[in-house]
Student: 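The following block contains the structure, expressed as structure tokens.
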Amino acid sequence: MHAKDWENEQERLELTMSKLSEALVELEPKVDQLGHQAADIRKRFWEEVTVNTSTHEDFEETFFTIQQQAAVLSERERSHRQLQQKWNSVKRLLQSPYFGRIDFQETDQDLIEQVYIGVSSFVEPDGMSFLVYDWRTPIASLYYDYSPGEVSFETPGGAITGIMTKKRQYQIRDGRIQNLFDSSITIGDELLQQVLGKGADTQMKSIVATIQKEQNTIIRDDKSRMLIVQGVAGSGKTSAALQRVAYLLYKHRDKLTADQIVLFSPNPMFNSYVSTVLPELGEENMQQTTFQEYLDYWLGSNYKLEDPFDQLEYVLTEDSTPGYESRMSGIQYKSSEAFLQALHGYASWLGQEGMRFNGIRFRDRVLITGDRIKSQFYSYDASIRLTNRITLLQEWLMKELNVLEKLERSAPWVQEELQYLDNEQYAEAFSELHKDRGVFDFAEEYAKVQEFVTKKRRGDEADFSFAEQEEELLSRMVVKEAFKPLRRSVKSMSFIDMQGIYTQLFNEHAAVFLDMTNAAEVPEHWPQICEQTKEKLSRRELYYEDATPYLYLKELIEGSRVNTMVRYIFVDEGQDYSMFQYQYLKNLFPRARMTVLGDFGQAIFTQATNLHEAESPLRRLYGDAETSRILLSRSYRSTREIVEFTRSLLPGGEGIVPFERSGRKPLLIRLDSDDKRTARIAADLAALQAEDFGSIAIITKTAAESREAYERLSSYGCQGLRLVTKETPIFEKGMMVIPSYLAKGVEFDAVMIYDASSSVYQRESERKLFYTACTRAMHRLLVYTTGEWTPYIQAVDSFNYEV
């Protein structure tokens with residue numbers, strides 16, 4: 001870089017910083033003024049409104065006065081919010097106004113435009129000249145997608161072509177240019193080297209300055225109904241997805257809001273890890289949840305649900321217990337497309353026979369039997385859809401309750417209830433009955449009714465016309481109130497015996513199951529699977545693999561819940577979702593586009609969905625025409641040495657491409673006792689802290705092993721160590737002990753694998769779990785054992801590690 005170039009760039013930066021400072025000074029009092037105005041209007045809202053409802057005209061005037069005052073408040077709050085956002089945007093740019101520049105000459109134009117790119121746009125006060133372009137603008141895509149030469153980019157008005165004559169990158173701090181690179185093909189390795197060489201943080205950061213071409217394709221895809229991103233560990237797929245959210249909110253800002261986007265995360269701790277990315281880019285956070293939280297919301301009040309981590313703990317630790325093979329077979333089958341189709345077949349069968357209903361009970365009596373409800377259901381035309389017949393049945397039940405309610409008014413218990421009504425209930429009845437009578441003495445009327453009821457119960461002569469009418473009205477009120485729970489239960493479809501219907505599906509006789517579902521075959525250990533499932537259901541509990549099928553079948557019968565407001569769904573760690581769950585999400589959000597991010601190399605759950613193959617079953621959800629698949633094969637998180645070690649753990653791992661950032665090779669440490677391992681880990685923890693590694697994870701296979709490691713190291717004197725469990729709400733820096741499956745999606749400066757012996761990691765099904773744990777390391781990887789190394793390590797070339 002010529003000195004003159006550097007000098008010119010510094011002058012341009014100082015000019016931009018000066019303009020930003022001026023804008024900040026100008027905006028600050030306006031923001032404060034509007035904020036005070038809005039607060040004052042809120043405070044004095046009712047002082048400006050006279051409430052008068054004496055006449056229709058007074059009521060109308062009051063209504064419009066309130067409406068006008070609310071409109072004034074809304075306008076001030078909106079203006080304040082917009083100015084506040086602008087002020088925040090300028091303040092963010094002051095820290096580092098831009099990170100890139102392209103020089104672009106449009107075809108058939110003489111002017112070469114210098115386009116400086118930052119996290120948001122900044123325009124000269126005249127509104128004509130851009131000092132900084134938002135990274136999401138169409139022209140900024142050139143920075144990520146092209147090297148200097150012929151280029152084109154899409155705009156709402158069509159494609160624009162031209163020549164990119166320069167592509168430059170900056171690192172700016174405290175108003176000074178720290179580094180300056182002219183690059184050719186991709187975002188320069190020099191800048192990436194410096195960014196990736198930093199330590200891990202408690203929260204994921206924006207990557208807009210270092211977005212790679214393949215990541216930009218993910219971010220700006222606006223056509224696919226289903227976007228599948230298969231990215232190797234550390235490829236930046238989650239970061240790219242979050243920038244994609246920011247891009248969508250920017251591009252569709254007139255019709256898309258953050259609450260119309262939902263991210264399904266692998267666990268609650270991950271939500272805190274990614275929570276600052278969008279605010280850092282000036283956007284509100286989207287809705288974040290886990291699939292388990294959704295299941296708990298709809299089923300948790302009736303059943304105790306197993307969560308995916310408890311299921312995985314069972315898979316990893318209970319292999320020697322009775323029934324393990326049948327449970328594993330059940331997990332596989334209940335997560336499969338075959339079972340999904342079996343449920344559709346079962347729903348069709350239920351349309352002909354087999355529906356089960358709960359009778360409607362009232363005060364220890366059965367008002368409507370289950371058999372009568374069933375008979376009514378099957379009296380409807382069989383050609384009517386199952387869900388529509390349930391709606392007709394629901395309407396019939398409501399009418400039956402109306403009839404039964406009238407009959408119930410003369411029941412003895414109603415007369416007894418009348419003796420214990422409070423004054424408020426009497427007043428309500430009197431007001432209804434005497435609304436056309438004018439003024440009346442409540443105490444006198446109350447006494448009349450009490451006397452009337454008492455005489456009537458004794459069998460004495462009682463002839464009070466108004467009292468009799470009041471008693472009748474009160475009886476109606478009492479019975480109506482008593483019938484409210486029955487109506488609520490009918491509205492919520494509690495008359496459907498869903499537990500019985502789902503239990504009925506698991507008939508140990510394969511022939512019966514095949515007849516009910518029209519399935520082609522049953523899985524291995526079918527009788528045992530049926531026994532385990534029914535035993536669990538009898539205790540009002542559901543296995544994790546049963547929860548989604550149960551909810552899916554429930555909606556095949558009752559009708560699907562749909563959310564038409566949500567427009568984009570993001571599923572992280574998508575390989576750990578079953579096709580059942582994907583089909584359910586598609587049904588739940590019928591108007592949404594879906595982005596699925598994952599790595600089949602990290603598929604640690606039994607019900608994994610293959611994202612890697614071109615024939616991924618996910619393609620069938622929306623069809624090939626509306627599905628795109630992007631592969632990310634370069635790993636940026638870890639050093640080249642760590643990636644070369646970890647990719648050798650996976651069959652086919654040679655396709656993983658390391659980024660050229662060097663460091664130490666993984667260190668394999670073999671000790672001859674647990675005490676010596678504890679002492680060595682304690683010493684290594686101290687050494688890593690002395691090297692200023694702020695985030696160090698001791699990763700174990702299971703939660704039980706985590707507790708053991710934590711207790712051993714704490715007893716040995718390791719201070720500041722934290723134990724991470726599935727209940728841990730936020731991700732924090734420091735030293736921690738964490739089970740392998742909870743470490744997914746996050747990264748650490750240094751990782752210590754607590755026990756990599758063949759006694760802990762021996763099954764082929766656990767290979768991806770071990771790989772996942774090792775790939776969390778950014779800079780250092782230390783692996784320990786007190787016995788023989790796991791077979792995965794024994795197969796690795798010794799060149800790829802140190803001992």
Side-chain angles (χ1 to χ4, degrees), residues 229-238 266 308-309 312 315-316 572-576 597-613 631-659 663 665-668 697-702 705-706 738-748 750-785 789-801:
V229 180
Q230 159 61 37
V232 302
S235 57
K237 52 188 176 293
T238 302
F309 308 118
L312 185 59
V315 171
L316 295 175
D572 204 359
E573 300 296 344
Q575 74 282 347
D576 293 333
L597 316 142
D599 175 18
F600 196 57
Q602 298 179 68
I604 64 174
F605 289 93
T606 308
Q607 67 273 14
T609 295
N610 195 339
L611 308 179
H612 195 277
E613 296 176 359
L631 298 179
L632 301 178
S633 56
R634 173 166 287 197
S635 179
Y636 298 98
R637 173 187 297 135
S638 308
T639 61
R640 176 174 53 80
E641 288 79 6
I642 292 175
V643 173
E644 287 175 345
F645 172 79
T646 55
R647 70 179 180 179
S648 63
L649 298 171
L650 282 183
E654 61 275 3
I656 300 171
V657 180
F659 179 71
K665 291 182 180 181
L667 182 61
L668 272 56
I698 300 164
I699 300 182
T700 64
K701 178 181 170 182
T702 65
E705 193 182 26
S706 280
I738 183 171
S740 51
Y741 49 83
L742 290 181
K744 290 187 68 172
V746 294
E747 59 192 21
F748 307 93
V751 165
M752 310 167 87
I753 304 297
Y754 182 72
D755 190 345
S757 66
S758 58
S759 61
V760 174
Y761 292 99
Q762 55 181 316
R763 292 179 288 181
E764 185 59 28
S765 60
E766 296 166 350
R767 179 185 291 273
K768 290 179 178 179
L769 188 69
F770 184 74
Y771 167 78
T772 300
C774 293
T775 55
R776 303 305 94 199
M778 291 180 66
H779 308 295
R780 296 289 297 279
L781 175 61
L782 294 81
V783 186
Y784 303 85
T785 187
W789 289 109
T790 170
Y792 326 141
I793 286 181
Q794 291 181 35
V796 174
D797 191 319
S798 60
F799 174 79
N800 289 322
Y801 56 81

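Quick note: residue numbers are just sequence positions, from 1.
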Student: Could you measure the distance from the CD1 atom of Ile698 to the OH atom of Tyr784? Nearest 0.5 Å is fine.
Tutor: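 One gets 8.0 Å once the value is rounded to the nearest 0.5 Å.
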Student: Ser757: what forms a side chain to side chain contact (heavy atoms under 4.5 Å, CB included) with it, not counting sequence neighbours?
Tutor: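 Only Asp755, Ser759, Val760, Thr785 meet the side chain to side chain contact (heavy atoms under 4.5 Å, CB included) criterion with Ser757.
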Student: Nearest 0.5 Å, what's the CZ-CZ distance between Arg634 and Phe659?
Tutor: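 Here the interatomic distance stands at 7.0 Å.
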Student: Specify the closest pair of heavy atoms between Ser758 and Pro791, including all atoms of both residues, with the distance to one decimal.
Tutor: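 Closest approach of Ser758 to Pro791, heavy atoms only: CB-CD, 4.2 Å.
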Student: Roughly how far, to the nearest 0.5 Å, is the OG atom of Ser765 from the CD1 atom of Ile604?
Tutor: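 Interatomic distance, Ile604 CD1 to Ser765 OG, rounded to 0.5 Å: 11.5 Å.
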Student: Could you pull out all residues at least two apart from Val229 that satisfy side chain to side chain contact (heavy atoms under 4.5 Å, CB included)?
Tutor: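 With sequence neighbours excluded, Val229 shows a side chain to side chain contact (heavy atoms under 4.5 Å, CB included) to Ile218, Leu227, Lys237, Leu597, Leu632, given in chain and number order.
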Student: Between the main-chain N or O of Val657 and the side-chain N or O of Ser633, is there a donor-acceptor pair closer than 3.5 Å?
Tutor: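 It does not hold such a pair.
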Student: Under 3.5 Å, is there a donor-acceptor pair between the side chain of Glu644 and the main chain of Pro658?
Tutor: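 Such a contact is absent between Glu644 side chain and Pro658 backbone.
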Student: Under a 3.5 Å distance rule, please check whether Thr702 uses its side chain to pair with a backbone N or O of Glu705 as donor and acceptor.
Tutor: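 Looks like yes, one N/O pair under 3.5 Å.
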Student: What do the steps show when you test Thr646 against Ile656 for side chain to side chain contact (heavy atoms under 4.5 Å, CB included), and what is the final call?
Tutor: CA-CA 10 Å; Thr646 55; Ile656 300 171; over 6 Å; no
Student: Suppose we screen for side chain to side chain contact (heavy atoms under 4.5 Å, CB included). Which residues come up paired with Thr639, at least two apart in sequence or across chains?
Tutor: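 Testing Thr639 for side chain to side chain contact (heavy atoms under 4.5 Å, CB included), a comparison that skips the adjacent residues, returns Glu641, Ile642, Arg661.
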Student: Short question: side chain of Gln794, backbone of Trp789 - any donor-acceptor pair under 3.5 Å?
Tutor: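 Here the side-chain-to-backbone pair exists.
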Student: Tell me, which pairs form a salt bridge (charged side-chain N to carboxylate O under 4.0 Å, His left out) where one or both residues lie in residues 766-780, sequence neighbours left out?
Tutor: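 Residue pairs with at least one partner in residues 766-780: Glu691-Arg780, Lys701-Glu766, Arg763-Glu766, Glu764-Arg767.
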Student: Kindly give the heavy-atom pair with the smallest separation between Tyr771 and Gly601, and that separation in Å.
Tutor: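 Result for this residue pair: CD2-O, 3.4 Å.
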Student: My understanding is that only residues two or more places apart in sequence, or in another chain, count here; which of them pass side-chain hydrogen bond (donor to acceptor under 3.5 Å, both in side chains) with Tyr761?
Tutor: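 Once residues adjacent in sequence are excluded, Tyr761 has no partner under the side-chain hydrogen bond (donor to acceptor under 3.5 Å, both in side chains) criterion.
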Student: Return the minimal non-hydrogen interatomic distance between Arg637 and Thr775, and the atom names on each side.
Tutor: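 Where Arg637 meets Thr775 most closely, the heavy atoms are NH1-O, 3.0 Å.
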Student: State the CE-CG distance between Met752 and Leu667, to the nearest 0.5 angstrom.
Tutor: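 So the CE of Met752 and the CG of Leu667 are separated by 9.5 Å.
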Student: In terms of ring plane angle, is the pair Phe645 and Tyr801 parallel, tilted or perpendicular, where the classes change at 30° and 60°?
Tutor: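 Perpendicular.
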Student: What I'd like to find out is whether the side chain of Ser648 reaches to under 4.5 Å of the side chain of Asp797, using heavy atoms alone.
Tutor: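 The answer is no, as the side chains (C-beta and beyond) never meet within the 4.5 Å cut-off.
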Student: Going by heavy atoms in the side chains, are Tyr741 and Asp576 under 4.5 Å from each other?
Tutor: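 Side-chain contact under 4.5 Å: no.
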Student: Roughly how far, to the nearest 0.5 Å, is OG1 of Thr790 from CD of Gln762?
Tutor: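 Reported to 0.5 Å precision, the distance equals 8.5 Å.
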Student: Please test Phe770 against Ile793 for side chain to side chain contact (heavy atoms under 4.5 Å, CB included), starting from the C-alpha separation and ending with a verdict.
Tutor: CA-CA 10 Å; Phe770 184 74; Ile793 286 181; 3.7 Å; yes
Student: If I compare all heavy atoms of Ser740 with all of Leu769, which pair ends up nearest, and what's the gap?
Tutor: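 Of all heavy-atom pairs spanning Ser740 and Leu769, the closest is OG-CD1, 3.3 Å.
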Student: Could you check whether any side-chain N or O of Ser638 sits under 3.5 Å from a backbone N or O of Ala777, counting only pairs where one atom can act as donor and the other as acceptor?
Tutor: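 Flag set: sc Ser638 to bb Ala777 pair under 3.5 Å.
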Student: Would you say that Leu781 contacts Cys774 through its side chain, given a criterion of any heavy-atom pair below 4.5 Å between the two side chains?
Tutor: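 They are in side-chain contact.
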Student: Only counting residues at least two apart or in another chain, list the ones meeting salt bridge (Lys or Arg N to Asp or Glu O under 4.0 Å) with Lys665.
Tutor: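 Partners of Lys665 under the salt bridge (Lys or Arg N to Asp or Glu O under 4.0 Å) test: none.
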Student: Atom CD1 of Ile699 and atom CG of Leu742: how far apart are they, to the nearest 0.5 Å?
Tutor: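 If we round to the nearest 0.5 Å, Ile699:CD1 and Leu742:CG are 10.5 Å apart.
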Student: So which heavy atom on Asp572 is nearest to which on Pro266, and how close?
Tutor: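 Asp572 and Pro266 have their closest heavy atoms at CB-CD, 4.3 Å.
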